[in-house]
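Chain identifiers are assigned alphabetically (A, B, ...) following the order of the sequence lines, protein sequences preceding nucleic acid strands; residue numbering begins at 1 within each chain.
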Amino acid sequence: MVVSSVLSPDGYAIMNAVAASPSPRLSAANRPNDFHVHPARRGAVGDTVRRADAQMASPVSDYTPQAIEKKWQRRWTEQRVFEVAEDPARPKFYCLVMFAYPSGHAHVGHVRNYMIGDVVARMKRLRGFHVMHPFGWDSFGLPAENAAIEHHVHPRTWTLDNIAHMKGQLQRLGISYAWEREIATCLPEYYRWNQWIFLKMFERGLAYRRRSTVNWCPSCQTVLANEQVVDGQCWRCASDVDARALEQWFLRITEYAEQLLDGIERLSDWPEKVLTMQRNWIGRSEGAQVRFPLAGAQGEAIEVFTTRIDTIFGGTFVLLAPEHELVDRMAEASEDPGGFRARARRFLAQDRTGRLTGEIEKEGFDTGRVATNPFTGESVPVWVANFVLGEYGTGAVMGVPAHDQRDLEFARKYDLPVRVVIQPDDGSSPLSAEALSEAYAGPGRLVDSGEFSGLSWQAALAKMTEAAAARGIGQGTVQYRLRDWGISRQRYWGTPIPIIHCQACGLVPVPYEDLPVELPDVTAFSGQGDSPLAQVPEFVNTTCPSCGGAARRETDTMDTFVDSSWYFYRYCDPNNTELPFDPDAVRYWAPVDFYSGGVEHAILHLIYSRFFCKVLHDLGLVEHDEPFSRLLTQGMVLKGGAVMSKSKGNVVDPDDMMATYGADTLRLYETFVAPPEKEIEWADTGLEGSFRFLGRVWRLVEPLAARLAQAPPIESVETLDDGERAMRRKTHGTIKRVSTDVYPRVHLNTAVSALMELVNELYVFCDTAGCGPGAPATGTAGRIQTWAVLREAIEALVLMLSPFTPHLAEELWERLGHADGLTAARWPEFDPAVAKAETLVIPVQVNGKVRARLTVGADSDDAALEAQALADRQVASHLAGKTVTKVVVARGRLVSIVAK
RNA sequence: GCGAAAGUGGCGGAACUGGCAGACGCGCCGGAUUUAGGAUCCGGUAGCCGCAGGGCUAUGGGGGUUCGAAUCCCCCCUUUCGCACCA
């Protein structure tokens, strides 16, 4: 699906939106003219050049980025240089940046994101890889719907206009995207495959329905997203928000909990930080489920989950979550069912808001029922407690106040018994239940625990779990913090869930051939009442595909995280009308080799994508089992200490920067200012420095370009003088550094600084060698090889600069006589023989302090170095009156002398 | 509270496997050029002492390992991020 060729259902031509002219700010008519900062070129390369300048009287072009950038962007588009198709003969590289939510305008924070990907993609391309670098739009979601409600603009119009504008911005930045693979998740050509995958999951029992609570505004009669709840109140009408239980759709991600956890071990190229966050999110804990028989209820028992079965003899009460299914039945059987329920309900409400605000006082009430601790045989009271969670474990816990802080606080508050069953065995004084002010959760030995007394707590864990199983009162089990993924949204701007509700047949999947279930064209968005889709009778009323009777469509739409959980596969085959993607195309491109994006997606997006990958793997559609080989989480761009956002009004627009300095300067600055992972505080002042550098490159290369294009190749090393060999050494040293800094290290800032060093050295070289534009072909030194050396250095410079500043590089490359552009060029080859130093400067330490530096031949042996160091005048003066006890020679690096 | 990452000049940052701390850039100072400003080119720029050769002190603080520590180990402080009644 190519966005620019698609007509949306309401006839809105996306093509028009996408092809809209660039921002008026940049149109030729009103572009600021005062940009011209180089009225004349003076003294670029020292005196020689100035003299030459005067002789030649040739007009010298200034660096005028806007003209250059426009020229090359047009050429790249016309020649479709970034388009790629599968080619098994060439090594592939899939370079991905997180796609964008089309919020309206890109800001310099987005630019930084996309620049990291573009530098890597462009460099890999030059290194001979077949690079796919796609882009697209995560274009469903709440903001479009909010815009519809507030400004009466259709979400589709709002979204597509934003896409058009942002696409223009990205194109003006010269990012090397394979635009022919562009996708937008809000188009039926995309979202039908969300529906397809959903149906596959439904067939496998991975998509299911159950009751779950949502935020409900009683006044607007509508469901609210968390972000629409402000201080517990509706964002629109300020009514207090309620909890309401609805039947909702879930994806059974918990089925993959173990696989998702195991996979983390193999993600060696992900940041440790992200892996830790994912591990915690999955939250595996091993423990046991134990049944506490409920008195007065034939055969019924309360099942509790515990990670500390070793403390069970100290379990003096049982706590139920307010949402526990027993609570309702206990209320029914109690003397005052109404009061009972009211107390439980109060906790439920409190729990929701408590989660949003932070702290809640621990509270509970006695159900009046008792259960039996199956290990002690004692009767223990059953309470309902607000801090026990229905969704974790079994929704019930045993209260062990001596060894759990929350239980202790609870027991003290309600005067429940406390019993110490673990005594520390590190020699500290024994614990007593009465004096206990803090629960003891540390190691120790069991006491007052019947036959288990005397065991270490770890031994007891195993023994007692075994015992529970043997006696039929429990078993060892594993719990996850991870919960199933609720994907139902009572929203318009999302993927309709392809299910039909039939009175007779129940939940009936929409047949595959009827996909997509398209969004109806709702025009009025009030933000009130039922799900918007439920208000469209033509959409809702349908016939059952199974029995042909009257039926209703599901009116929930999908969470937008579904869209983003597999989009990277769609890029591999964006026009497929038979399947979400051709497995062969994905086999060639996937997994993603390099994925870069914001750390804010470290958990949800990345874990959902990993989940989808594993499901698609089980469906036989993909072969690999992890979607992203390498992940880089890039730092945010702050302004005034805050993330840029429209609401904060601290957005820096890249168009403003481009108008003043050009895209290349902005690109260079954002990669040079800090390492990619680090967050940065935006400051305009640094841009000047980057602009200055590019001007310096231009003034170095452009006047010499025509001459260099005629320069011969380097003949032989013997013909070069010291300065020329030194220049080549610098050139190849820089090639080595930049080659590894850009990838795999992705230390883009140090790559740029290496290039700056090269330019500095080139200026000095030109000055001393007399290589001005007016110099004779043989150079002032009469050496034709000088030009050969210079050509090698400057071509390497231009090539290595090209991932960062592609427009400038293309222009200079062309002027250097390469008519076929950088697309046909190859990354410069590093030659270790050339880079090898002829002499080394070796520091000499005496008792750990540098006292001298020796200039020695690169192949001096250790004995010679040691002798030379000891003979040094400075060293000798520091050794006077002392005895040398030890000399360490680190070959090629340093001599360290120890003396007393 | 738990987990993770990070603390280096006036500022952004560099130092790859333990081997010359401060690359590169910003800013600032000086010089050249210029009628002037701007731009450009050249030089200087961690602190302290010294006329100088040179010396001393410095990578959040304190200990340790080592011939040698920004880097490794222990303790502490600070900051940022993530999760948080998870049984």
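Within 4.0 Å of A/H403, counting heavy atoms only, lies no atom of the nucleic acid at all. Counting any heavy atom pair closer than 4.0 Å across all strands shown, A/V673 reaches sugar-phosphate atoms only and no base atom. A/P675 comes within contact range of the sugar-phosphate backbone alone, with a heavy-atom separation under 4.0 Å but no base atom that close. Looking at heavy-atom distances under 4.0 Å, A/D407 makes no contact with the nucleic acid at all. Backbone-only engagement by A/R696 is indicated by non-hydrogen atom pairs under 4.0 Å involving sugar-phosphate atoms exclusively. When heavy atoms are screened at a 4.0 angstrom cut-off, A/E757 is found touching the sugar-phosphate backbone but no base atom. Within the 4.0 angstrom heavy-atom criterion, no nucleotide atom of any strand lies near A/V599. Residue contacts shown for A/K900 are absent, as no nucleic acid heavy atom lies under 4.0 Å away. Within 4.0 Å (heavy atoms only), A/G283 reaches no atom of the nucleic acid at all. Among the atoms of the strands shown, only primed sugar atoms or phosphate atoms (P, OP1, OP2) are found under 4.0 Å from some heavy atom of A/R851.
With hydrogens and angles ignored, a donor-acceptor pair closer than 3.5 Å exists between the side chain of A/R853 and the base of B/rC20. Side chain A/K273 to base B/rC81: no donor-acceptor pair is found below 3.5 Å.
Residue A/N749 places at least one side-chain N or O under 4.0 Å from the OP1 or OP2 atom of B/rA14. When the side-chain nitrogen and oxygen atoms of A/R745 are compared with OP1 and OP2 of B/rA15, one or more of them lie within a distance under 4.0 Å. The shortest distance between the side-chain N/O atoms of A/K849 and the OP1/OP2 oxygens of B/rG19 is not below 4.0 Å. A sub-4.0 Å separation between OP1 or OP2 of B/rG13 and a side-chain N or O of A/K678 is present. Within the structure, every side-chain polar atom (N or O) of A/R279 is placed at least 4.0 Å from both OP1 and OP2 of B/rC83. Side-chain N/O atoms of A/R699 include one lying less than 4.0 angstrom from OP1 or OP2 on B/rC41. Of the side-chain N and O atoms in A/R481, one or more sit less than 4.0 angstrom from OP1 or OP2 of B/rA84. For B/rA23, the OP1/OP2 oxygens have no side-chain nitrogen or oxygen of A/N760 closer than 4.0 Å.
The nearest heavy atom of RNA chain B to A/R308 and to A/W281 marks one nucleotide each, and the one closer to the 5' end goes with A/W281.
Under the Watson-Crick and G-U wobble criteria, each requiring two contacts below 3.5 Å, nucleotide B/rU57 is paired to B/rA46. Using N1 to N3 plus N6-O4 or O6-N4 for Watson-Crick, or N1-O2 and O6-N3 for G-U wobble, each under 3.5 Å, B/rC81 pairs with B/rG3. Taking a pair to require two hydrogen-bonding distances under 3.5 Å in either a Watson-Crick or a G-U wobble arrangement, B/rA69 remains unpaired.
A side-chain donor from one of A/R696 and A/N760 sits under 3.5 Å from a side-chain acceptor of the other. Between the side chains of A/R610 and A/Q278, at least one donor N or O sits under 3.5 Å from an acceptor N or O. Donor-acceptor pairing under 3.5 Å is lacking for the side chains of A/E702 and A/Y63.
Ring orientation note: the planes of A/F305 and A/Y392 are nearly perpendicular, at an angle over 60° on the 30°/60° scale.
For the P atoms, the distance from B/rG22 to B/rU80 is 31 Å, rounded to whole Å. Between B/rC29 and B/rC81, the distance separating the two C1' atoms is 40 Å to the nearest Å. Taking the P atoms as reference points, B/rG12 lies 15 Å from B/rG27, given to the whole Å. Comparing B/rU79 with B/rG60, their C1' atoms sit 11 Å apart, to the nearest whole Å. One P atom belongs to B/rU34, the other to B/rG44, and the distance between them is 24 Å to the nearest Å. For the P atoms, the distance from B/rG10 to B/rA6 is 23 Å, rounded to whole Å. For the C1' atom pair drawn from B/rG13 and B/rG19, the interatomic distance equals 22 Å after rounding to whole Å. With P as the reference atom, B/rC49 and B/rG38 are 34 Å apart, rounded to whole Å.
Set against B/rA14, B/rG19, B/rC67, the side chain of A/V898 has B/rC67 as its closest nucleotide. Nearest nucleotide to the side chain of A/R692, out of B/rU40, B/rC67, B/rC85: B/rU40. In the set B/rG82, B/rA87, B/rG13, B/rG13 carries the atom at the smallest distance from any side-chain atom of A/A674. When distances are taken from the side chain of A/H878 to each of B/rG19, B/rG55, B/rA87, the shortest belongs to B/rG55. Comparing B/rA14, B/rU40, B/rA87 by their closest approach to the side chain of A/L389 singles out B/rA87.
A/F387 and A/F410 have their aromatic ring centers within a separation under 6.0 angstrom. Under the 6.0 Å cut-off for aromatic ring centres, A/Y608 and A/W485 qualify, their centroids lying closer than that.
Relative to the six-membered ring of A/Y669, A/R112 misses at least one condition, a distance below 6.0 Å or an angle of at most 45° to the axis.
With a glycosidic angle no more than 90° from 0, B/rG9 adopts the syn conformation.
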Exercise for review: Please report the C-alpha distance between A/W383 and A/F365 in whole Å, then the side-chain angles of each, then the deciding distance to 0.1 Å, and finally whether the ring-ring contact (aromatic ring centres under 6.0 Å, His included) criterion is met.
Suggested key: CA-CA 5 Å; A/W383 286 57; A/F365 65 87; 8.0 Å; no

